[in-house]
Number of protein chains: 2
Amino acid sequence: MPADHLNGRREVTVSDVAAAAKVSKATAARVLGGYGAASEAVRDRVQAAAEELGYRPNALAKTMTTGRSNSIGIIVGDIENPFFAQATRGAADVAKAAGYDLILLNSDEHADAEENAVSVLLAKRVDGILVAPASTTDPSTLRAAVERGRPLVLFDRIADGLDVDAVVADNRAGARRLTDLLLEAGHRRVAFVSTIVHEGDYRVGDRLGSSSVGDRVTGFVEALEVAGIPDPARFVRLNARRDGVDAIVRGLVDEGITAIVASDSLIAQAAFRTLRELGIPIPTAVSLVAFDDADWTSLSAPAITVMAQPIHEIGAEAARLLIRRIAGDGSPHENVVLPQRLIERESIAPPPD
Amino acid sequence: MPADHLNGRREVTVSDVAAAAKVSKATAARVLGGYGAASEAVRDRVQAAAEELGYRPNALAKTMTTGRSNSIGIIVGDIENPFFAQATRGAADVAKAAGYDLILLNSDEHADAEENAVSVLLAKRVDGILVAPASTTDPSTLRAAVERGRPLVLFDRIADGLDVDAVVADNRAGARRLTDLLLEAGHRRVAFVSTIVHEGDYRVGDRLGSSSVGDRVTGFVEALEVAGIPDPARFVRLNARRDGVDAIVRGLVDEGITAIVASDSLIAQAAFRTLRELGIPIPTAVSLVAFDDADWTSLSAPAITVMAQPIHEIGAEAARLLIRRIAGDGSPHENVVLPQRLIERESIAPPPD
DNA sequence: GTGAAAGCGCTAACAA
DNA sequence: TTGTTAGCGCTTTCAC
């Protein structure tokens, strides 16, 4: 009983409407679907019949014949992360305006979940896919989509060796600027902290799993290099999830670090809490800056100086690009880089002597 | 060219696989779909052929014949709102575990957007719908789904006159407790602030557009009544979006209010900022409490005492209920009420004399 | 302007 | 165990 849905009723179809309006199925379909031509009289009869019977189109059947589903898939790390929630909203608004809906999948930044998500979306015949790739260096999970010619647009990070469009923020410039601020305040011992997974200690040139974090690290290192600080790589602390931000921050303090660049606002939050618990005042003892203008950063005492990203726009622009590809735009793939914006607050001070 | 997607290639189908494996379409479908029986030899041949050709099932075609799409729709006010993001994650996890995907739609709390969202979901033949109804008092936008027998579960708020399942938090008890805390500290002039739209001044017994806010107001009023405070309704301030939280808080301060109950963390945030700008210290001059354990509430100075909601669980439980209904559970509709949890911090002090 | 018929990719009887 | 045959609800030729 396909048409009934766990339920006695049967869905009313174009055939039903056609019969009621005493026209052929094709004609009814034409007026109901808003394509082809029909005399006014017929149109009225069909519409009346449809109304009367409570006709609801079956978008799936339409997709079966047209090949277009009017839905796009979006794969995020975790919708609960405000970054992804905002980007998703940006994408949703653009999509909706163009008549598309979003099928949402969380990857938790795991390759297998991502691969599975792609399979599901491909099976559901989405018209295109938006994805924040779990891995920049090994995007093999996304290959299935690309090979099948399904339009795919990356956001937040790029993927090596995948010829697709991408929309990212200018993380390198942002990191550089943020770090410069610290350097200008007189700091010489400043650390960069990220949760990104990485084997062993970071060394200049290492490719990281996420291009956005990678670019931030690059910008950070560059700033230190320009300032003439030897061996900047030693100030980069990764694997913060595994090792614990708390432990890392404590270690940093013990080492005499005087400033911290947090790779995202969650890390900043953890660092902030740890410093507070340790009774180490910000910014007089340790300065703290971060990426993302999370709401708490302006409410905390002190308020945190941050590099804001145009998150909404990242999602929106990615959706725009994807929709253009779906529409058949065959121009060369783009790599859109959006600027970040510095918001100076109260979390930087000169290092203590 | 239905099967091609903006692209030369044609999708490979069961027929293709069947031909390659030299078996009938039905047999190929059986092994590919994992139903029915097949000899090991045949199974191997079919699987090899499928692998070889790069077969990908078409979930839509399957839905057409089975009537089940394995996707559920979720309509939230705004995915960017952390509350909805968390509830969505809770729902997504449960859904995924049961083999369902989520089609996400934002209503912005508008009836027309909600109605449109329902139409889209019905057209896409989702197996069920999860929705935080934009209006408790006029859920006519949701009737279409209910009438068609599509399982529907509400979360966060209930809807009058709609016989469906719902999962909400115990807002009334939560509000009462929060207000009692203020009363116990000695406050007599405490206000409740919400962005909910309401015609004219609030009067006891008025039905509000959102049952969750309505329940909070009820709990608040009850607490004041029990404390013997005359005419509690005058302390309820609604329409904060239209009037501006800022203006409302200023007015409250002028009126000599000594404590504020914020109906959600966004209002609390705005109130916090306003009080800070006004140079009015929390909690010595004005005490402030709120709903939802937003991250900033523990990072601000002072940290805010809040009534935390089991947001994740609200979404998860709603999804569980929905999936049970989809599976055919015909027992009477439930109204699940989850407890809230008080987190006492530093934003309450006795009123100044 | 309207209708008849085929087909999208799959599952579901029913036979063999 | 395997194959044949109908559909699911829609769009799309192609006639009329």
Side-chain angles (χ1 to χ4, degrees), chain A residues 1-6 9-46 49-50 53-70 122-125 127 148, chain B residues 1-6 9-46 49-50 53-70 122-125 127 148:
Chain A
M1 40 146 224
D4 331 346
H5 190 81
L6 331 154
R9 276 154 267 153
R10 214 203 49 149
E11 303 273 356
V12 3
T13 72
V14 277
S15 288
D16 299 327
V17 175
K22 301 191 196 314
V23 296
S24 75
K25 204 173 71 171
T27 300
R30 277 192 275 257
V31 357
L32 260 17
Y35 58 94
S39 67
E40 191 156 334
V42 166
R43 203 194 320 275
D44 291 349
R45 274 216 322 278
V46 172
L53 299 178
Y55 170 76
R56 291 259 169 182
N58 181 334
L60 269 40
K62 183 172 185 172
T63 300
M64 284 292 294
T65 79
T66 62
R68 312 196 69 252
S69 63
N70 287 308
L122 252 22
K124 298 215 165 162
R125 297 300 190 260
D127 293 331
R148 290 202 143 49
Chain B
M1 42 146 222
D4 329 347
H5 189 82
L6 330 154
R9 274 155 269 153
R10 213 203 51 145
E11 303 274 356
V12 4
T13 72
V14 278
S15 289
D16 300 326
V17 175
K22 301 193 196 313
V23 296
S24 76
K25 205 172 72 172
T27 300
R30 277 191 276 257
V31 358
L32 260 17
Y35 58 94
S39 67
E40 192 156 334
V42 166
R43 204 194 321 273
D44 291 348
R45 276 219 319 280
V46 172
L53 298 178
Y55 170 76
R56 289 260 170 183
N58 181 333
L60 268 38
K62 182 170 184 171
T63 300
M64 283 293 294
T65 78
T66 61
R68 313 195 71 253
S69 61
N70 288 309
L122 252 22
K124 298 215 166 160
R125 298 298 191 260
D127 292 331
R148 290 199 145 50

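If you're wondering where the values come from, they're calculated on a predicted model, not measured in any experiment. Chain identifiers are assigned alphabetically (A, B, ...) following the order of the sequence lines, protein sequences preceding nucleic acid strands; residue numbering begins at 1 within each chain.
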Nearest-Å distance, [atom1] ([X]) to [atom2] ([N])?
{"X": "Lys25(B)", "N": "dG9(C)", "atom1": "NZ", "atom2": "C1'", "answer": "7 Å"}
{"X": "Arg30(A)", "N": "dT11(D)", "atom1": "CZ", "atom2": "P", "answer": "11 Å"}
{"X": "Leu32(B)", "N": "dG9(C)", "atom1": "CG", "atom2": "P", "answer": "14 Å"}
{"X": "Glu11(B)", "N": "dC8(C)", "atom1": "CD", "atom2": "P", "answer": "13 Å"}
{"X": "Leu60(A)", "N": "dT11(C)", "atom1": "CG", "atom2": "C1'", "answer": "15 Å"}
{"X": "Arg68(B)", "N": "dC8(D)", "atom1": "CZ", "atom2": "C1'", "answer": "16 Å"}
{"X": "Lys22(A)", "N": "dT2(C)", "atom1": "NZ", "atom2": "P", "answer": "16 Å"}
{"X": "Asp44(A)", "N": "dT2(C)", "atom1": "CG", "atom2": "C1'", "answer": "16 Å"}

Nearest-neighbour nucleotide for the [X] side chain, [options] considered:
{"X": "Ala61(A)", "options": "dT2(C), dC10(D), dT11(C)", "result": "dC10(D)"}
{"X": "Met64(A)", "options": "dT11(D), dA4(C), dC8(C)", "result": "dC8(C)"}
{"X": "Tyr35(A)", "options": "dT11(D), dA5(C), dC10(D)", "result": "dT11(D)"}
{"X": "Val23(A)", "options": "dG3(C), dC10(C), dG7(C)", "result": "dG3(C)"}
{"X": "Ala38(A)", "options": "dA12(C), dT11(D), dT2(C)", "result": "dT2(C)"}
{"X": "Asn58(B)", "options": "dC10(C), dG3(C), dT11(C)", "result": "dC10(C)"}

Pairwise distance CZ(Arg30(B)) to CZ(Arg43(B)) - rounded to 0.5 angstrom = 11.5 Å

inquiry  = Would you say that Glu11(A) contacts Arg148(B) through its side chain, given a criterion of any heavy-atom pair below 4.5 Å between the two side chains?
reply    = yes

remark   = Heavy-atom nearest nucleotide on DNA chain C taken for Glu40(A) and for Ala26(B); more 5' hit belongs to Glu40(A)

message = What verdict does the side-chain contact (heavy atoms from CB on, under 4.5 Å) test give for Asn58(B) and Thr13(B), after you've listed the backbone C-alpha separation in whole Å, the side-chain angles of each residue and the deciding distance to 0.1 Å?
response = CA-CA 8 Å; Asn58(B) 181 333; Thr13(B) 72; over 6 Å; no

